[in-house]
2 protein chains.
Amino acid sequence: MDIQLKRGLLDVCVLAAIKNEDSYGYKIIKDLKPYIELSQSTLYTILKRLETAHMLTVHTVEHDGRLRKYYHITEEGIKRIDDFKNEWNEILTIYRFVVKEDEEDV
Amino acid sequence: MDIQLKRGLLDVCVLAAIKNEDSYGYKIIKDLKPYIELSQSTLYTILKRLETAHMLTVHTVEHDGRLRKYYHITEEGIKRIDDFKNEWNEILTIYRFVVKEDEEDV
DNA sequence: AAGTAATACTTCGTGATACGATGTATTACA
DNA sequence: TGTAATACATCGTATCACGAAGTATTACTT
């Protein structure tokens, strides 16, 4: 998929991935794989960004002798998903414009 | 609207705006305004990028004593719109994932 | 006649971002 | 013994949207 189209979707996808259950980096990548592929460097960049924006909190848990960083969504993170759902209507309007122009002469 | 969400849509919108009739910068901005707002600096950056990518061609026409640069879509530009329409299904899948996760506990 | 809005294109600088490359470290399995 | 899987971190880079500022003409308003 076009890189540019992914932008704007990535943050929300990550938030959606941790919304119902706290999760950690490696699992998030695997969970999202069927929908959107993202590399580790991309994911950790996003997680750090979302943490700075207070959309999630982090807590470290020991698991099988190694550390895992679990990410927990905050109220602001939930609001971010809501905002996205509202913005979706604008996206749809734009999509319809493109299709309309495209089919005008078919 | 979220800046990131606009990315990926911008290029295609501009191409859609010139698809049925050659147009020029100032008019493109006005035509797109109801759907997506973009500044002059943004638009001209996009037009230059699309020209470099051979998705459109430029020809200058004198109009009322001043020069106007008309943009004409190419086959590749038309293909770009087609590609976008295909990618739209992936976007929809992602959208549905976000909504599904979001409504799981409602 | 003077001033302002609209038309029309250009360039510069900047912050945000996705991602490849690379590194570290442990566990599981062949 | 080796390799894949698990798990997180950092650096550098190219791309990009956009504000700011500039240039120049036409059209209107006062």
Side-chain angles (χ1 to χ4, degrees), chain A residues 1-15 17-18 22-33 35-53 55-71 80 87 90-91 94, chain B residues 1-15 17-18 22-33 35-53 55-71 80 87 90-91 94:
Chain A
M1 181 169 54
D2 178 39
I3 307 162
Q4 300 306 314
L5 267 176
K6 281 168 77 173
R7 299 171 90 110
L9 262 19
L10 283 173
D11 285 26
V12 177
C13 278
V14 171
L15 288 173
I18 65 169
D22 292 359
S23 188
Y24 54 94
Y26 204 80
K27 185 167 188 293
I28 293 171
I29 290 176
K30 281 199 296 179
D31 287 345
L32 288 181
K33 199 154 201 169
Y35 307 102
I36 195 163
E37 276 191 68
L38 70 176
S39 66
Q40 293 196 335
S41 59
T42 301
L43 201 238
Y44 290 112
T45 304
I46 292 169
L47 287 171
K48 194 149 284 176
R49 179 165 67 240
L50 292 174
E51 189 191 357
T52 304
M55 294 192 185
L56 51 78
T57 55
V58 194
H59 52 110
T60 304
V61 175
E62 196 175 319
H63 176 85
D64 281 340
R66 92 184 78 171
L67 296 179
R68 252 190 203 160
K69 290 179 81 172
Y70 275 88
Y71 298 90
R80 177 74 178 78
E87 279 168 350
E90 290 179 55
I91 298 289
I94 294 169
Chain B
M1 180 169 54
D2 177 39
I3 307 164
Q4 300 305 315
L5 267 178
K6 282 169 75 173
R7 298 171 91 110
L9 297 175
L10 282 173
D11 285 26
V12 177
C13 278
V14 171
L15 287 173
I18 64 169
D22 292 359
S23 188
Y24 53 96
Y26 204 80
K27 185 167 189 293
I28 293 170
I29 290 176
K30 281 199 297 180
D31 288 346
L32 289 181
K33 200 154 200 168
Y35 307 102
I36 194 163
E37 275 191 68
L38 68 176
S39 66
Q40 293 197 334
S41 59
T42 300
L43 202 239
Y44 289 112
T45 304
I46 292 169
L47 287 171
K48 194 149 284 175
R49 179 165 68 240
L50 292 175
E51 189 192 355
T52 304
M55 293 194 186
L56 51 79
T57 56
V58 193
H59 54 109
T60 304
V61 174
E62 197 176 318
H63 177 82
D64 281 340
R66 94 183 76 172
L67 296 178
R68 252 189 204 161
K69 291 179 81 172
Y70 276 88
Y71 298 90
R80 177 74 178 78
E87 279 168 349
E90 290 179 56
I91 298 290
I94 295 168

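Lettering follows sequence order; numbering is per chain, from 1.
- What separates CD1 of B:Ile29 from C1' of D:dA17 is a distance of 13 Å, to the nearest Å.
- Rounded to an integer number of Å, the gap from A:Asp64 CG to D:dC8 P is 13 Å.
- Going from atom CD1 of A:Ile46 over to atom P of C:dA16 covers 16 Å, rounded to whole Å.
- Side-chain contact, A:Thr42 with A:Thr45: no donor N or O sits under 3.5 Å from an acceptor N or O.
- Rounded to 10 degrees, the angle separating the terminal axes of the helix from C:dA1-D:dT30 to C:dA30-D:dT1 is 10°, with each axis obtained from five end pairs.
- Side-chain contact between A:Lys6 and A:Met1 is present, with heavy atoms from C-beta onward closer than 4.5 Å.
- For the side-chain contact (heavy atoms from CB on, under 4.5 Å) with A:Leu10, the qualifying choice from A:Leu15, A:Leu43, A:Ile46 is A:Ile46, the only one to do so.
- Atom CD1 of B:Ile3 and atom C1' of D:dG19 are 11 Å apart (whole Å).
- The two residues B:Tyr44 and B:Tyr26 have their closest heavy-atom pair at OH-N, 3.9 Å.
- The shortest distance between the side-chain N/O atoms of A:Thr42 and the OP1/OP2 oxygens of C:dC19 is below 4.0 Å.
- Look at B:Arg7 and you won't find any side-chain N or O under 4.0 angstrom from OP1 or OP2 of D:dT15.
- Proximity of A:Lys6 to the phosphate of C:dT17: no side-chain N or O atom is located under 4.0 Å from OP1 or OP2.
- Scanning both residues, B:Cys13 and B:Ile36, for their nearest heavy atoms gives SG-CG2, 4.1 Å.
- Using a 4.0 Å cut-off between charged nitrogen and carboxylate oxygen, A:Arg7 and B:Asp2 do not count as a salt-bridge pair.
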statement: Heavy-atom contacts, protein to nucleotides 3-12 of chain C, under 4.0 Å, summarised as B (base), S (sugar-phosphate only) or - (none) per nt, yield ---SBBBBB-
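- Shown here for A:Ala17 and A:Ile28, the closest heavy-atom pair between the two residues is CB-CG2, 4.2 Å.
- Ring pair B:His59/B:Tyr70 is parallel by interplanar angle, where below 30° counts as parallel and above 60° as perpendicular.
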